[in-house]
Number of protein chains: 2
Amino acid sequence: MRIGELSRKTGVPVPTIKYYVREGLLPAGELTSRNQASYGEAHERRLRLIRALLDVGGMRVAEIADVLAAVDDPERPLHNVLGAAADRIGSASVEHDDAESAAAQDVVAGLISRRGWRTHESNSAAADLSKALAAMARLGHEAFAEVLDDYADAAEQVARADLGYVDRQVAVADVVESVVVGTVLGEAVFSALRRLAHVDASARLYGEDGAQERKTI
Amino acid sequence: MRIGELSRKTGVPVPTIKYYVREGLLPAGELTSRNQASYGEAHERRLRLIRALLDVGGMRVAEIADVLAAVDDPERPLHNVLGAAADRIGSASVEHDDAESAAAQDVVAGLISRRGWRTHESNSAAADLSKALAAMARLGHEAFAEVLDDYADAAEQVARADLGYVDRQVAVADVVESVVVGTVLGEAVFSALRRLAHVDASARLYGEDGAQERKTI
DNA sequence: ATGAGCGGATAGTGGCACTATCCGCCATCC
DNA sequence: GGATGGCGGATAGTGCCACTATCCGCTCAT
């Protein structure tokens, strides 16, 4: 398959494919002569994965490059393939150093030990969590910490479902790729489900005709 | 308070505050003379909200403008304040029209009716959901639909927690703002919790030392 | 032999979230 | 009462990002 056919099959323009190759997201085609290369099904599949991570997962090209490099590295332990991108995200934003941040870090540490999670608060997800909680606290929503355990229950349930799915999917494709797909696209899936569930729950609580009053203090 | 103090209190540079005013995210200060304006606590609070939605929630400036316009509009029913931004997001990306999309839409319609959700598949969240499922199907992960109900259980639990929180928070501030904060920042919180739960679940399943082999088919 | 397509390189585009600069004005401190 | 620094408002510029356009010399199918 030449680059034009790859482009037609996937809907990705030729210059964009070249760009992905340059950025290290996609391996180059195998050269059959000085200016002819052939692409296989692996390229097609990889290209679809890239577009899904970009369009649905909202990842950046540089993050995808890191994650895919980790996917392609057989030395890399499964559990930190996604860490490759996560650490890059975490360090990008601004660090606060105030009372809210300190309190949020305590809340997170408490949560992790309370649930017996085998992780450490140095994990970038833990940092993101305390960043989000600190932002809420700065907005006067310290009390959100009260629903953290409900959230954590749901997160554990999702994590179990994910692990179970990956375990069952061994026959389909590379497990590592399944983990990436499940984690990144699964987040988009859950986010959409959460919004749907919000609509339903608020319809049940406030009436479904949407004619309710706006309450303010 | 003048703009310089507002800037010092919130850590947002003065030109950036001016930019937010221009873009309609922040109301202008009250003019006390031709080139002097005074800002109050509402401005400070609003500014912190903007930064949280931007930095933690990952929203775009134009989306935030839409949502805040809806927040400030007392005529607007609560349940579609967030729709203001959601609809804008949905229409932004590319539409596919293939077998995977059609199948995914069927899966979503089935899910909604199976769970008795009082929503319609025309909801933009439903569209996002089928987009994500279609992307997975294109990657050979049609079977992900099997864990959808586990995801939906978790999403319902989170939605109940959110509604309960907002209900309890009536005394704190405007309910509508609480919904926005809970929905947007809550997503960041859940995402981080999910990643933490993944680490824990995979440590329990594969051993926590990270020395496990990489399995491939 | 010829023209469409190719690999590879370089430069340009459009969108976004700011950021820099300028202007004339005003409040405040000496 | 004059200097000075900050102010509101306007316009233009910056840096990053994900592409996209163009060019070159080559080669493969017809």
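Per chain, numbering begins at 1; letters A, B, ... match sequence-line order.
Using a 4.0 Å cutoff on non-hydrogen atoms, the parts of residues 4-15 of chain B near DNA chain C are Pro13(B), Pro15(B), ordered by number.
Here the side chain of Arg195(B) pairs no donor or acceptor atom with the backbone of Thr183(A) at under 3.5 angstrom. Not one N or O on the side chain of His96(B) forms a donor-acceptor pair closer than 3.5 Å with the backbone of Asp98(B).
The side chain of Ser33(A) places no N or O atom within less than 4.0 Å of a non-bridging phosphate oxygen (OP1 or OP2) of dC26(D). Note on Thr16(A): every side-chain N or O is 4.0 Å or more away from OP1 and OP2 of dA18(D). OP1 or OP2 of dC18(C) has at least one side-chain nitrogen or oxygen of Tyr20(B) nearer than 4.0 Å.
Atom CD in Gln36(B) sits roughly 16 Å away from atom P in dG5(D) (whole-Å rounding). The distance between atom CG of Leu26(B) and atom P of dC18(C), rounded to the nearest whole Å, is 13 Å. For the pair Glu23(B) CD and dC16(C) P, the computed distance is 10 Å after rounding to whole Å. At whole-Å resolution of the value, CZ in Arg60(B) and C1' in dC16(D) are 13 Å apart. Atom CE in Met1(A) sits about 15 Å away from atom C1' in dC6(C), given to the nearest Å. Tyr19(A) places its OH atom 13 Å from the C1' atom of dT13(C), with the value rounded to the nearest Å. If you take CD of Glu63(A) and P of dC17(D), they are 10 Å apart, rounded to a whole angstrom. Taking atom CZ of residue Arg51(A) and atom P of nucleotide dA18(D), one finds them 11 Å apart after rounding to whole Å.
Tyr151(A) and Phe144(A) have perpendicular rings, their planes meeting at more than 60° on a 0 to 90° scale where under 30° would count as parallel.
Note on residues 175-202 of chain A: pairs passing ring pair (Phe, Tyr, Trp, His ring centres under 6.0 Å), not counting sequence neighbours, are Phe190(A)-Phe190(B). Among residues at least two apart or in separate chains, ring pair (Phe, Tyr, Trp, His ring centres under 6.0 Å) pairs with a member in residues 5-40 of chain B are Tyr39(B)-His43(B).
A search for side-chain hydrogen bond (donor to acceptor under 3.5 Å, both in side chains) contacts involving Arg8(A) returns nothing, not counting sequence neighbours.
Among dC19(D), dG6(D), dC18(C), the nucleotide with an atom closest to any side-chain atom of Asn35(B) is dG6(D). Nearest to the side chain of Leu54(B), among dC7(D), dC19(D), dC18(C), sits dC18(C).
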List the atom pairs, donor and acceptor, that lie under 3.5 Å between side-chain atoms in residues 31-38 of chain B and the rest of the protein, sequence neighbours left out.
| unit_1 | atom_1 | unit_2 | atom_2 | d |
| --- | --- | --- | --- | --- |
| Thr32(B) | OG1 | Gln36(B) | O | 3.2 |
| Gln36(B) | OE1 | Arg2(B) | NH1 | 3.1 |

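A donor-acceptor contact closer than 3.5 angstrom is absent between the side chains of Arg46(B) and Thr10(B).
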Polar atom pairs (N or O), protein with nucleotides 9-12 of chain D, under 3.5 Å:
| unit_1 | atom_1 | unit_2 | atom_2 | d |
| --- | --- | --- | --- | --- |
| dG9(D) | N7 | Lys18(B) | NZ | 3.2 |

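Here the closest non-hydrogen pair linking Glu142(B) and Ala137(B) is OE2-O, 3.5 Å.
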